[in-house]
Amino acid sequence: MKKTDGYFGDFGGRYSPEILTPALEELEKIYNQLRGNKKFHKKLKYYLKNYAGRPSPITYAENLSRVWGSNIWLKREDLNHTGAHKINNTIGQALLTLEMGKKRIIAETGAGQHGVATATVGAMFGLKTVIYMGNEDLRRQELNAIRMRMLGAEVIGVSSGTMTLKDATSEAMRDWALNVDSTHYIVGSSIGPHPFPTIVRDFQRVIGTEAKKQFLKRTSALPDAVVACVGGGSNAIGIFYGFLNHKSVKLYGVEAGGRGDGPGEHSATITFGKPGYLHGTKTLLIQDSEGQILPPHSISAGLDYPGVGPEHAYFSETGRVKYFKESDSEALGAFQEVCRLEGIIPALESSHALSYAKKLAKKFGPERHILVNLSGRGDKDVAEANRLIGEMK
Ligand SMILES: *Cc1c(COP(=O)(O)O)cnc(C)c1O
């Protein structure tokens, strides 16, 4: 493989078991044919509009702007079908599956959000769907497992390792290696071996393309800053791409600071990570001095991943995007404020971005504009948030 294929600076590439190479090469080839294909894009646009409900609006948050001190705008990915940005990617990859003539899709899921978005397109496009989920996650997120089964997917519990997302991902890769001819693996974030980080980013770019157009229309200018939460990094990379070439727009990625800076207390991969290899890519990882991956922690299960998309690792190196972390309790505080002030229940993941936007607003003052990617709705989080708020009292 040429060094240029799927690299972002020194990060990215394809470091997966050899048995997956034919599948990854086939995917790369078909994607290269389709990425510039008008008919494919027309089809994609059709489903994004008529099934997922795009374009999602941008909302001027009047009350947050008054209280926080800068103009706050929200890109409303929470209003998409299934409640987050994840459907943008699963629709795109389901269409790729059909183009490859495959009839079966598999996916890994942690909290279950990507599993639900995959089961959804599996039902709609008539694809046999299998979701791998760690047994520990199955216990914690039973409702999402029920949702997936309701949508016709088979949910397989994984009992290896810590029985969470990392183990479910390994199991999905094993399935893919055995069933490559019939099956496409829908990776859920801008992670994994080349070409996945590129494919997922491209399917999420619709967020940034829309947001830029909408913002220009409403204000005749660009925002001063764009803020998004970073787990694997797909919603963030999607919105950032709309503004990357506009140097006046500052870009901020916000990681999960968890309950402290110690090992096992956070998911702040860029803040604390070192280069390493996980799930087929070279990126920043939270690991100990021996290179053992440390278990991540966050109140938001969607940010609970020990790695980060390789393109974010690259942007942190070039400095085009600045990365910060917000703690569990800071995110929970922003969550409550946005509920009460705007009548919007944000996902706990998105609440990390909101919490950082609040700090930024204080610095920026009333003349400037901050656009926050509201990556998803928090209906899934209300029970957990309620418990945590009770604990803090
Ligand atoms: C899954 C999820 C995330 C984290 O995934 P990224 O790939 O980092 O975007 C963020 N927000 C919500 C609402 C999610 O469901």
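Counting starts at 1 for both ligands and their atoms, in listed order.
Taking a cutoff of 4.0 Å between a charged side-chain nitrogen and a carboxylate oxygen, Arg149 and Glu154 do not qualify as a salt bridge. A salt bridge links Arg387 with Glu384; the closest basic N to acidic carboxylate O contact falls under 4.0 Å. Taking a cutoff of 4.0 Å between a charged side-chain nitrogen and a carboxylate oxygen, Glu108 and Lys166 do not qualify as a salt bridge. Between Glu99 and Lys43 a salt bridge is recorded (basic side-chain N to carboxylate O distance below 4.0 Å). Taking a cutoff of 4.0 Å between a charged side-chain nitrogen and a carboxylate oxygen, Arg104 and Asp175 qualify as a salt bridge. Between Lys325 and Asp261 there is a salt bridge, since a side-chain N of the basic residue sits under 4.0 Å from a carboxylate O of the acidic one. Look at Lys359 and Glu326 and you find a salt bridge, because one of the NZ, NE, NH1 or NH2 atoms lies within 4.0 Å of a carboxylate O, short of that distance. A salt bridge links Lys282 to Asp10: one of the charged nitrogens lies within less than 4.0 Å of a carboxylate oxygen.
When each atom of ligand 1 is checked for a heavy atom of Ala347 under 4.0 Å away, the hits are 13 (C). Near Gly376, the atoms of ligand 1 lying under 4.0 angstrom from a non-hydrogen atom of the residue are 13 (C). For ligand 1, the atoms closer than 4.0 angstrom to any heavy atom of Ser189 are 6 (P), 7 (O). In the vicinity of Gly233, heavy-atom distances shorter than 4.0 Å reach the ligand 1 atoms 6 (P), 7 (O), 8 (O). Heavy-atom proximity to Gly231, at under 4.0 Å, picks out these atoms of ligand 1: 8 (O).
In this structure, His85 counts as a contact residue of ligand 1, since one of its heavy atoms falls inside 4.0 Å of the ligand.
Every N/O-N/O distance between Lys380 and ligand 1 stays at or above 3.5 Å. Considering backbone and side-chain atoms together, Cys229 places no N or O closer than 3.5 Å to any N or O of ligand 1. At a 3.5 angstrom cut-off on N or O pairs, Val230 does not count as close to ligand 1. No N or O atom of Gln113 sits closer than 3.5 Å to an N or O atom of ligand 1. Between Ala84 and ligand 1, no N or O atom pair is found at a separation short of 3.5 Å. Between Glu349 and ligand 1, no N or O atom pair is found at a separation short of 3.5 Å.
The cationic atom of Arg35 (NZ for Lys, CZ for Arg) does not lie both less than 6.0 Å from the six-membered ring centre of Phe40 and within 45° of the ring axis.
Side chain to side chain, Thr271 and Glu255 meet the donor-acceptor criterion of an N or O pair below 3.5 Å.
Of the listed options Gly309, Ala353, Gly302, Gly302 places a heavy atom closest to atom 4 (C) of ligand 1.
The nearest heavy-atom contact from the protein to atom 14 (C) of ligand 1 is Lys86 NZ, 2.8 Å. For atom 6 (P) of ligand 1, the nearest non-hydrogen atom of the protein is Ser234 N, 3.4 Å.
By the criterion of a heavy-atom distance under 4.0 Å, both the backbone and the side chain of Ser375 are placed next to ligand 1. The proximity of Glu77 to ligand 1, defined as any non-hydrogen pair under 4.0 Å, does not occur for either the backbone or the side chain.
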(Q) Run Val254 and Val230 through side chain to side chain contact (heavy atoms under 4.5 Å, CB included) and show every step you take. (A) CA-CA 6 Å; Val254 187; Val230 177; over 6 Å; no

